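Remarks on the structure that follows.
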Amino acid sequence: MHTCHHCQRNPLHCFLPPHVLDRLLNADDPEIRRAAIAAIKQSAAARSLRNALSRMPAMAATASPAGKKNRLVYDMKNIDLQQLLPGTLMRSEGQEPVGDEAVNEAYDYSGIVYDFYLEKLNRNSLDDRGMSLISSVHFGTRYNNAFWNGEQMTYGDGDGQIFIRFTKGLDVVGHELSHGVVSHTSNLEYFEEPGALNEHFADALGESIQQWHLKQDVTQSSWTVGEAIMGSGVNAKGLRTFKAEKAYENDSLLGTDPQPKHLKDKYVGFEDNGGVHINSGIPNYAFYLTAMEIGGYVWDKTAKIWYQTLKNLNTRSNFQECASMTYQVAGSMFGSGSIEQQAVKTGWDAVGLSV
Amino acid sequence: MPTFWKKLAVTISAIAIVALLLFLSPLRDSVLSLGGYLSPQSPQPINLNSGYLLTSEVYHPMKVRFRQSGGFAGLRRGCDLDMETLPADEAAKLRSLVEQSGVLSASSSQNSKGRDLLNYEITVETLDGARQVTFDDGSKPVGVEPLLEYLQGQAQPIPLR
């Protein structure tokens with residue numbers, strides 16, 4: 001007699017056809033059994049969400065902002081359903097550290113990001129109206145990623161091999177939160193050149209935040225993204241580099257860094273939303289060269305030019321428009337023909353864009 | 001007596017509400033398929049050991065191409081699996097994962113608000129032709145998770161050019 005253990009107890013636990021799930025649960029292969037159990041957990045989680053929302057519609061609305069720094073860190077407890085974000089509240093603004101380092105890192109680093117935007121760029125949180133900074137940690141199991149879902153940050157724990165927990169990098173946290181700033185300013189669409197610029201601003205502002213926190217001048221920084229989150233199975237010292245070199249080559253887990261540093265090498269395929277994480281290498285390199293030309297601390301001048309540019313661009317802006325805008329902004333900030341404006345030109349020239 | 005009628009009315013209303021909710025719920029298909037499963041016409045269970053039988057269908061070759069891109073790291077990973085060259089038990093596992101994942105009938109979708117989401121492309125090629133579905137971490141088809149996890153376990157870095 002064929003039985004369906006889980007479905008007999010509660011048939012609503014199963015999204016999958018029960019006969020399939022039952023076979024998977026009894027499979028010899030532990031991988032398949034694990035996957036089947038995960039599927040059951042997911043459907044149970046989705047059901048509890050629907051129950052909760054149907055009872056309390058207000059839960060679906062975003063909490064109203066406090067008008068100043070207000071951090072909220074949640075725990076997803078390894079569930080990987082975006083519909084269930086943010087999860088269980090673990091620490092809110094002003095509360096003492098908790099026993100979970102991922103929670104504390106998300107709290108501390110989002111605070112540094114908030115301080116940077118306020119003190120250096122005169123911006124009150126991501127929307128410039130003091131919106132709450134919401135982070136969720138422990139998303140999924142061994143999840144090798146962090147993302148901005150349009151409203152909040154979400155961090156995986158990594159699989160240990162390629163990546164460790166994504167909260168460990170201030171540049172990662174700065175990158176994700178800066179996606180929020182982009183959404184609330186130019187809102188560059190996430191496709192092809194505008195999408196690569198979206199990635200570029202997240203990288204450049206994230207890197208500036210890290211250098212500010214470490215009090216590094218442009219010659220002291222390694223200009224590498226993701227150094228702190230690399231796992232034990234990779235030799236690469238980071239995921240991306242603003243410099244001309246490759247961040248990694250022929251790594252057994254990562255492969256070879258695909259980022260171009262010149263317009264002529266731009267990726268034109270469809271993957272990665274038209275290469276948004278690939279082609280960001282081009283403006284990233286221009287940003288780095290400009291910062292090196294200007295010298296000193298990146299947040300004093302270069303990041304300010306870029307931030308004002310971000311506010312002036314629109315959803316469809318391309319590389320050329322971004323380059324021209326940085327040149328124009330540098331001219332109005334520091335004077336036409338100034339060293340700063342010349343530095344911007346030098347940076348873009350090197351990647352094949354004339355301003 | 002009023003108490004009896006009151007109780008009866010409440011019971012009938014409760015049953016009606018539950019029935020309506022079930023009908024509207026995304027779980028409806030599961031419930032219906034459970035009904036089908038219990039009925040005499042239910043499909044035969046998958047034979048995981050043979051690698052050749054699935055719900056009474058005759059075996060035919062299947063190739064699965066998986067590509068993952070994007071995410072914070074922007075890594076490009078993937079794998080190309082051909083059931084004719086896989087060991088029988090692996091082929092059977094993959095086949096059952098593909099069948100239950102729903103990718104053969106799922107439509108492509110994209111989450112427009114998310115940033116740094118992982119992007120996925122799964123192409124299943126059979127004698128009937130190739131079927132490709134693309135989605136991301138914010139728009140995963142229901143039930144695709146076990147297949148996705150399996151494919152991610154098989155994936156290797158893929159050079160850009």
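We name chains A, B, ... by the order of the sequence lines, and we start the count at 1 in each one. Quantities reported herein were computed from a predicted structural model and do not represent experimental measurements.
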### Message
When you compare the side chain of L117(B) with that of Q82(A), does any pair of heavy atoms fall below 4.5 Å?
### Response
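With C-beta onward as the side chain, the pair touches.
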### Query
What part of Q152(B) lies closer than 4.5 angstrom to a heavy atom of chain A: side chain, backbone, both or neither?
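Interface part for Q152(B): neither.
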Contact part of [X] toward chain B, heavy-atom cut-off under 4.5 Å: side chain, backbone, both or neither?
X: Y248(A); value: side chain
X: N250(A); value: neither
X: V172(A); value: both
X: N273(A); value: both
X: Y155(A); value: neither
X: F166(A); value: side chain
X: L239(A); value: side chain
X: S252(A); value: backbone
X: E271(A); value: both

### Query
Taking only heavy atoms into account, what residues of residues 121-138 of chain B are found under 4.5 Å from chain A?
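Counting heavy atoms that sit under 4.5 Å from chain A, the residues of residues 121-138 of chain B involved are D137(B), G138(B).
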### Task
For chain A, find its close neighbours in residues 65-75 of chain B: heavy-atom separation under 4.5 Å, sorted by number, or none.
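Residues R67(B), S69(B), G70(B), G71(B), F72(B), A73(B), G74(B), L75(B) are the ones that qualify, each having a heavy atom under 4.5 Å from chain A.
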Drop me the distance from [X]'s [atom1] to [Y]'s [atom2], to the nearest 0.5 angstrom.
X: K113(B); Y: E151(A); atom1: NZ; atom2: CD; value: 4.0 Å
X: F191(A); Y: Q110(B); atom1: CZ; atom2: CD; value: 8.5 Å
X: H175(A); Y: D116(B); atom1: NE2; atom2: CG; value: 3.5 Å
X: N149(A); Y: N111(B); atom1: CG; atom2: CG; value: 7.5 Å
X: H277(A); Y: N119(B); atom1: NE2; atom2: CG; value: 8.5 Å
X: R142(A); Y: E149(B); atom1: CZ; atom2: CD; value: 6.0 Å

### Task
Among T256(A), V276(A), L253(A), single out the residue with the greatest number of heavy-atom pairs under 4.5 Å to chain B.
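Sorted descending by pairs with chain B, the first entry is L253(A).
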### Listed partners of D157(A) passing side-chain hydrogen bond (donor to acceptor under 3.5 Å, both in side chains), at least two apart
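D157(A) satisfies side-chain hydrogen bond (donor to acceptor under 3.5 Å, both in side chains) with H138(A) only.
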### Message
Check this for me: K246(A), atom NZ, are more than 12 non-hydrogen atoms of other residues, nucleotides or ligands nearer than 6.0 Å?
### Response
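Yes, the 6.0 Å shell around NZ holds more than 12 heavy atoms from other groups.
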### Task
Start with the C-alpha distance between E145(B) and D80(A), add both sets of side-chain angles, then the distance that settles side-chain contact (heavy atoms from CB on, under 4.5 Å), and finish with yes or no.
CA-CA 10 Å; E145(B) 197 69 44; D80(A) 76 343; 3.2 Å; yes
### Query
So which bits of residues 195-207 of chain A come within less than 4.5 Å of chain B, counting non-hydrogen atoms only?
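From residues 195-207 of chain A, the residues near chain B are N198(A), E199(A).
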### Message
Could you report the tightest heavy-atom contact between R115(B) and E176(A), atom names first, then the distance?
### Response
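Of all heavy-atom pairs spanning R115(B) and E176(A), the closest is O-OE1, 4.3 Å.
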